[in-house]
Amino acid sequence: MRPVEPVTLERAPVRLVPLDLAHEDGLARAAADGELWNLRFTSVPEPGATRAYIEAALRGREQGHRLAFAVLDSASGEVIGSSSYHDIVPAVERLEIGYTWYAASRQRSAVNTTAKLLLMQHAFETLGARLVGWRTDNYNFASQRAIERLGARKDGVLRHHAPRRDGTVRDTVMYSLAAGEWPEVKAQLLWHLTRPR
C-alpha cells in the first residue's frame with residue numbers, strides 16, 4: 001500500500017481537503033448546525049473544543065495513523081463537516097474511514113455518499129488498500145444504516161470496546177469492504193448518484 005499522504009479529492013457537491021487550523025471557524029459553524037455535539041455517540045467537537053479537535057487530528061497525521069479531511073461544499077467552499085482515514089496499517093494494506101460527521105442541514109443528501117465514494121476510490125485505486133473498514137457506536141443506528149448503504153459488510157460487534165464522551169462504554173459495530181468487492185460497490189454508488197430523481 002502506498003503511503004497515505006495529504007491529498008485533495010473532489011466531486012460535486014463536495015471537496016475534501018486536508019484538515020488544518022484554518023478550518024477552525026468553519027468546522028465550529030458546521031458542528032453548531034444541529035448542535036451535533038449533543039449526540040452522545042459522535043466525535044463532533046463541542047463549542048470551544050474545535051481547535052483541540054483539529055490539533056488531535058494533526059497529531060494523528062504526524063504519527064501516521066490518521067489523515068483528517070475538512071469536507072467543503074464544492075460550490076461555495078463552506079466547511080460542512082469532516083471525515084478521516086484512520087487506523088492506517090500499511091503492513092496489512094488496511095485503513096478505516098471514520099470520524100465522519102456533517103452539518104445537520106447537509107445530512108440525508110448526496111454529501112455522504114459522494115465523500116465516501118471519493119475516499120474509497122482513493123483508498124482502493126490510488127493507495128492500493130486491500131480492505132477498508134468502518135466502526136460505529138452500537139446505538140448510532142443512522143451511521144450503521146449509512147455504512148450499510150455504501151455496500152460494506154458487517155463483521156461483528158466488539159463488546160465493551162471504547163469510552164463515550166459521557167463516560168459510558170460503548171459496544172462497537174465493525175464493517176469492512178474488500179478490494180475485490182469494490183468494483184461492484186463503486187458501480188452501485190455511481191448509479192445511485194447519477195440516476196434521475
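Throughout, numbering of the chain's residues begins at 1 and tracks the sequence. This is a predicted model, so every value here is computed, not measured.
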* Asked: Just wondering, do Asp33 and Ser105 contact through their side chains at under 4.5 Å, heavy atoms?
  -> yes
* Asked: Is Leu189 close to Thr113 at the side-chain level, that is, under 4.5 Å between some pair of heavy atoms?
  -> yes
* Structure fact -> Scanning both residues in full, the closest heavy-atom pair of Ser76 with Asp73 reads N-OD1, 2.9 Å
* Can you find a heavy atom in the side chain of Pro18 that is under 4.5 Å from one in the side chain of Arg61? -> yes
* Asked: Can you find a heavy atom in the side chain of Trp134 that is under 4.5 Å from one in the side chain of Leu150?
  -> yes
* To do: Would you mind reporting whether Val14 and Leu118 have side-chain heavy atoms less than 4.5 Å apart?
  => yes
* Asked: Between the side chain of Glu181 and the main-chain N/O of Ala178, is any donor-acceptor distance below 3.5 Å?
  -> yes
* Asked: Do the numbers put Arg66 on top of the ring of Tyr99, so that NZ or CZ is under 6.0 Å from the six-membered ring centre and no more than 45° off the axis?
  -> yes
* List the steps, then state whether side chain to side chain contact (heavy atoms under 4.5 Å, CB included) holds for Trp101 with Arg106. => CA-CA 10 Å; Trp101 58 271; Arg106 303 305 181 113; over 6 Å; no
* Structure fact -> So CG of Leu119 and OG1 of Thr114: to nearest 0.5 Å the spacing works out to 11.0 Å
* Asked: Taking only residues two or more places apart in sequence or in another chain, which ones pass side-chain contact (heavy atoms from CB on, under 4.5 Å) with Thr100?
  -> Ser83, Ile97, Tyr102, Asn112, Lys116
* Asked: With a 4.0 Å cut-off, would you call Arg135 and Glu96 a salt bridge?
  -> yes
* Close side-chain approach of Asp87 and His65, heavy atoms under 4.5 Å -> no
* Give the C-alpha distance, both sets of side-chain angles, the deciding distance and a yes or no for side chain to side chain contact (heavy atoms under 4.5 Å, CB included) between Leu21 and Glu55. => CA-CA 8 Å; Leu21 290 172; Glu55 289 171 343; 4.1 Å; yes
* Asked: Is Glu184 atom CD crowded by more than 12 heavy atoms from other residues, nucleotides or ligands, each under 6.0 Å away?
  -> no
* To do: Sequence neighbours left out, what passes side-chain contact (heavy atoms from CB on, under 4.5 Å) with Ala28? Give chain and number order.
  => Thr50
* Separation between CG of Asp155 and CG of Leu177, rounded to the nearest 0.5 Å -> 10.0 Å
* Asked: From Arg130 CZ over to Met1 CE, what is the distance, rounded to the nearest 0.5 angstrom?
  -> 11.5 Å
* Are Leu193 and Val71 linked, directly or through other ILVMFWY residues, by side chains that come within less than 4.5 angstrom of each other? -> yes
* **Exercise: identify the closest heavy-atom pair between Asp171 and Arg159** => OD1-CA, 3.4 Å
* **Heavy-atom closest pair, residues Gly34 and Ala104** => CA-CB, 3.8 Å
* To do: Answer with yes or no whether the side chains of Trp182 and Glu125 bring together a donor and an acceptor at under 3.5 Å.
  => yes
* Asked: Are the side chain of Arg165 and the backbone of Thr42 linked by a donor-acceptor contact shorter than 3.5 Å?
  -> yes
* Structure fact -> Rounded to the nearest 0.5 angstrom, the CG-CE distance for Leu127 and Met120 is 13.5 Å
* Which heavy atom of Leu19 sits nearest a heavy atom of Ser82, and at what distance? -> CD2-OG, 4.3 Å
* To do: Using modelled atom types only, decide if a donor and an acceptor are shared between the side chain of Gln144 and the backbone of Asp137 within a distance under 3.5 Å.
  => yes
* Main-chain N/O of Leu190 paired to Thr194 side chain as donor or acceptor, under 3.5 Å -> yes
* Check whether any side-chain heavy atom of Leu95 sits under 4.5 Å from a side-chain heavy atom of Val89, and report yes or no. => no
* Structure fact -> Nearest heavy-atom contact between Ala152 and Tyr175 is CB-CB, 4.0 Å
Review item, side-chain donor-acceptor pairs of residues 2-11, under 3.5 Å, at least two apart:
| unit_1 | atom_1 | unit_2 | atom_2 | d |
| --- | --- | --- | --- | --- |
| Arg2 | NH1 | Thr126 | O | 2.4 |

* Asked: Looking only at heavy atoms, what is the nearest atom pair of Ile88 and Gly64, with distance?
  -> CB-O, 3.9 Å
* **Within-4.5 Å side-chain heavy-atom neighbours: His23 and Val17** => yes
* Is there a side chain to side chain contact (heavy atoms under 4.5 Å, CB included) between Gln188 and Arg149 once you walk through the steps? -> CA-CA 10 Å; Gln188 177 66 15; Arg149 277 195 306 271; over 6 Å; no
* **Short side-chain to backbone donor-acceptor contact, Ser109 and Val111, under 3.5 Å** => yes
* Asked: Counting N and O atoms only, with roles assigned by atom type, does the side chain of Asn138 sit under 3.5 Å from a partner on the main chain of Val173, one being a donor and the other an acceptor?
  -> no
* To do: Check the hydrophobic clustering (I, L, V, M, F, W, Y; side-chain heavy atoms under 4.5 Å; chains of links allowed) and say if Tyr53 and Leu58 are grouped together.
  => yes
* To do: Identify whether Leu117 and Ile147 are in the same connected component of the hydrophobic contact network (ILVMFWY, side-chain heavy atoms under 4.5 Å).
  => yes
* **Check against side chain to side chain contact (heavy atoms under 4.5 Å, CB included), Leu72 and Leu16** => CA-CA 6 Å; Leu72 312 180; Leu16 280 64; over 6 Å; no
* Donor on one side chain, acceptor on other, Arg145 and Ser143, under 3.5 Å -> no
* Structure fact -> Value for CZ (Arg51) from CD (Glu24), rounded to nearest 0.5 Å, stands at 5.5 Å
* Asked: Considering residues, nucleotides and ligands other than Arg164, do more than 12 of their heavy atoms fall under 6.0 Å from its CZ?
  -> yes
* To do: Please state whether the rings of His122 and Tyr85 are parallel, tilted or perpendicular, taking 30° and 60° as the class boundaries.
  => parallel
